[in-house]
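First the structure, in the form of structure tokens, and then the observations on it.
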Number of protein chains: 2
Amino acid sequence: MIFTDFLRGRRRHELTADDLAALEAVANDVRTLPARQTFIRQHEPVHFSTYLIEGLMCRYMDDREGLRQLVALHVTGDFVDLHGYPLRYLDHDLATITPCQIVTVPHERLDQLMENRPHLAKLLWFSTLMDAAIHREWIFALGRLDAVGRVAHFFCETEAKLRAVGLSDGRRFALPITQADLGEACGITSVHMNRMLRDLREDGILRFWGGKAEILDRARLERRAEFDPAYLYLDRLPVDSERA
Amino acid sequence: MIFTDFLRGRRRHELTADDLAALEAVANDVRTLPARQTFIRQHEPVHFSTYLIEGLMCRYMDDREGLRQLVALHVTGDFVDLHGYPLRYLDHDLATITPCQIVTVPHERLDQLMENRPHLAKLLWFSTLMDAAIHREWIFALGRLDAVGRVAHFFCETEAKLRAVGLSDGRRFALPITQADLGEACGITSVHMNRMLRDLREDGILRFWGGKAEILDRARLERRAEFDPAYLYLDRLPVDSERA
DNA sequence: CGTGACGTTGACTGTAGTCAAAGAAGGTGG
DNA sequence: CCACCTTCTTTGACTACAGTCAACGTCACG
């Protein structure tokens with residue numbers, strides 16, 4: 001049961017038991033990766049894709065001075081670099097944040113799925129386009145929101161993603177990353193990130209410390225973030241945890 | 001010959017004459033859209049996708065005050081909202097900038113292509129993931145570059161895309177958009193955009209006026225943009241115009 | 001107990017936003 | 001063909017948000 005959380009909360013119901021078995025059948029063995037390790041580097045030809053079973057990974061790009069910009073944060077249930085399959089090489093680096101459990105799937109096996117299982121193929125395609133939708137939302141946040149808004153947005157989105165796979169109860173969730181990581185995701189310095197988190201805390205909106213987040217006032221958090229979860233393509237807003 | 005420019009410069013050679021004919025066969029009639037018109041609105045169910053034959057289109061999102069953030073700019077040869085096929089609704093609005101010639105393709109016809117032409121399907125998938133790669137690059141630009149850098153980046157990317165379809169000679173190209181549009185793409189105000197364009201002009205790097213751009217010093221433009229075109233997945237840097 | 005990573009705060013700087021006004025360019029109708 | 005209007009561009013003065021630099025606190029771990 002490797003792909004238990006794949007598309008969970010997002011069209012998971014369209015994955016037939018048969019599709020799921022086909023997916024399991026093409027996967028390699030489960031592996032563990034250490035924290036803070038770059039797993040795939042940009043521009044290298046890739047011949048497999050990575051599914052994240054547990055842990056946090058990120059995709060990032062460095063600027064000329066080596067400063068990072070995160071372009072995606074991945075959690076349990078994400079097919080992290082499935083886009084590498086049609087693209088053949090990545091335009092960015094992929095790294096772990098925490099220790100991670102992953103499986104890889106060889107691209108020639110995916111070719112077989114493309115041939116024999118068009119419906120599953122369309123769902124795989126769908127999962128890569130959800131990532132693109134999230135990219136767009138980040139563009140919006142970076143382009144139009146101020147620092148607090150971006151931070152608020154990041155937490156709204158991350159909480160929703162974690163909730164979809166049962167890792168948030170809607171209020172509290174573990175997010176074992178540093179303020180520097182957050183800054184790299186939101187396009188602000190770690191110093192300023194610290195100040196924004198203080199503001200959110202003092203306003204009674206959000207608490208984040210030691211890798212744990214607590215939403216104190218969701219309505220105001222979402223308002224600051226201009227957050228509308230439609231772009232996450234959730235089946236419904238998942239309130240109770242449930243397995244498909 | 002509707003899809004003459006589809007994937008031109010990017011794996012076009014992998015499109016067999018057969019694939020191409022199959023694609024032509026599923027397209028509706030060519031239509032013309034007026035300038036500055038929203039064509040598809042976010043959250044509406046979509047049952048067809050749009051291929052842009054000629055003109056400029058953009059995808060955008062509004063913030064609470066109605067200010068726009070462009071999330072993509074599309075030119076000749078782009079399958080503008082193909083991602084609407086797996087996604088079923090868009091998370092943003094799609095609009096014309098100039099008058100546009102388009103064709104649409106019904107999604108049920110794309111289902112047929114998925115069933116019968118896995119290789120073509122993979123190329124369609126690929127084309128949507130190039131868009132995602134461009135999204136990531138925009139995230140990088142918005143998160144890590146200052147205003148001049150973002151503007152420079154926008155012009156590097158747009159020139160490269162236009163060159164791939166024969167609409168730029170590497171130095172001069174038509175780009176019939178306003179400074180306000182540019183600002184909405186780069187996440188800066190139109191006033192500041194005007195100042196950045198003046199700076200680039202006075203530094204002898206780039207001239208942009210009246211919808212026409214001229215690159216005066218490519219090396220310095222790309223340097224300011226921290227531009228590396230790998231993310232555009234071009235076959236090669238197309239110097240001469242050529243048809244596949 | 002020392003070290004390094006992470007978090008916190010303050011003072012100062014600078015980039016970009018805001019507000020306002022006016023100049024060009026282009027289109028339309030009289 | 002000109003007058004008018006709108007849209008786009010340009011510039012200046014002022015503001016404010018976020019970056020930079022620096023120092024210090026705190027905690028976990030070896």
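In what follows, chains are A, B, ... by sequence order, proteins preceding strands, each numbered from 1. All values below come from the heavy atoms of this structure, side chains included, with hydrogens, waters and symmetry mates left out.
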**Request:** Nearest whole angstrom, please: distance from the P of dA5(C) to the CD1 of Ile177(A).
**Result:** 19 Å
**Request:** Give a yes/no answer on whether the side chain of Gln179(B) brings an N or O atom under 4.0 Å of OP1 or OP2 in dT10(D).
**Result:** yes
**Prompt:** How close or far is atom C1' of dA16(C) from atom CG of Leu142(A), stated in whole angstroms?
**Reply:** 16 Å
**Request:** Check the surroundings of atom CZ in Arg171(A): do more than 12 heavy atoms from other residues, nucleotides or ligands lie under 6.0 Å from it?
**Result:** yes
**Fill in**
Rounded to whole Å, the CG-C1' distance (Asp146(B) to dC17(D)) equals 16 Å
**Complete:** From CZ of Phe208(A) across to P of dG7(C) the rounded distance in Å is 7 Å
**Message:** Expressed as a whole number of angstroms, how long is the span from Arg36(B):CZ to dT6(D):C1'?
**Reply:** 14 Å
**Spacing of Arg224(B) atom CZ relative to dT15(C) atom P, expressed in whole Å** = 12 Å
**Request:** For Asp181(B) and dC8(D), give me the distance from atom CG to atom P, rounded to whole Å.
**Result:** 8 Å
**Message:** Please confirm whether the shortest side-chain N or O distance from Trp209(B) to OP1 or OP2 of dT10(D) is below 4.0 Å.
**Reply:** yes
**Request:** Strictly below 4.0 Å, heavy-atom distances to any atom of DNA chain C: list the hits from residues 188-203 of chain B, or just say none.
**Result:** Ile188(B), Thr189(B), Val191(B), His192(B), Arg195(B)
**Prompt:** When we call it a touch if two heavy atoms are under 4.0 Å apart, what does Gly187(B) touch: a base, just sugar-phosphate, or nothing?
**Reply:** sugar-phosphate
**Asked** Do the side chains of Ile139(B) and Ile139(A) get nearer than 4.5 Å, heavy atoms only?
**Response** yes
**Request:** Return the orientation label for the Phe227(A) and His153(A) ring planes: parallel under 30°, perpendicular over 60°, tilted otherwise.
**Result:** perpendicular
**Request:** Nearest whole angstrom, please: distance from the P of dC6(C) to the CD of Glu184(A).
**Result:** 11 Å
**Message:** Of the options dA18(D), dA25(C), dA16(C), whose atoms approach the side-chain atoms of Ala147(A) most closely?
**Reply:** dA18(D)
**Asked** Does the pair Arg144(A)/Glu226(A) count as a salt bridge with the N-to-O cut at 4.0 Å?
**Response** no
**Asked** Does a donor on one side chain and an acceptor on the other come within less than 3.5 Å for Thr128(A) and Asp131(A)?
**Response** no
**Request:** Just say parallel, tilted or perpendicular for the rings of Phe6(A) and Phe79(A), cut-offs at 30° and 60°.
**Result:** perpendicular
**Message:** Looking only at the side chains, is there a donor atom on one of Tyr231(A) and Glu157(A) sitting less than 3.5 Å from an acceptor on the other?
**Reply:** yes
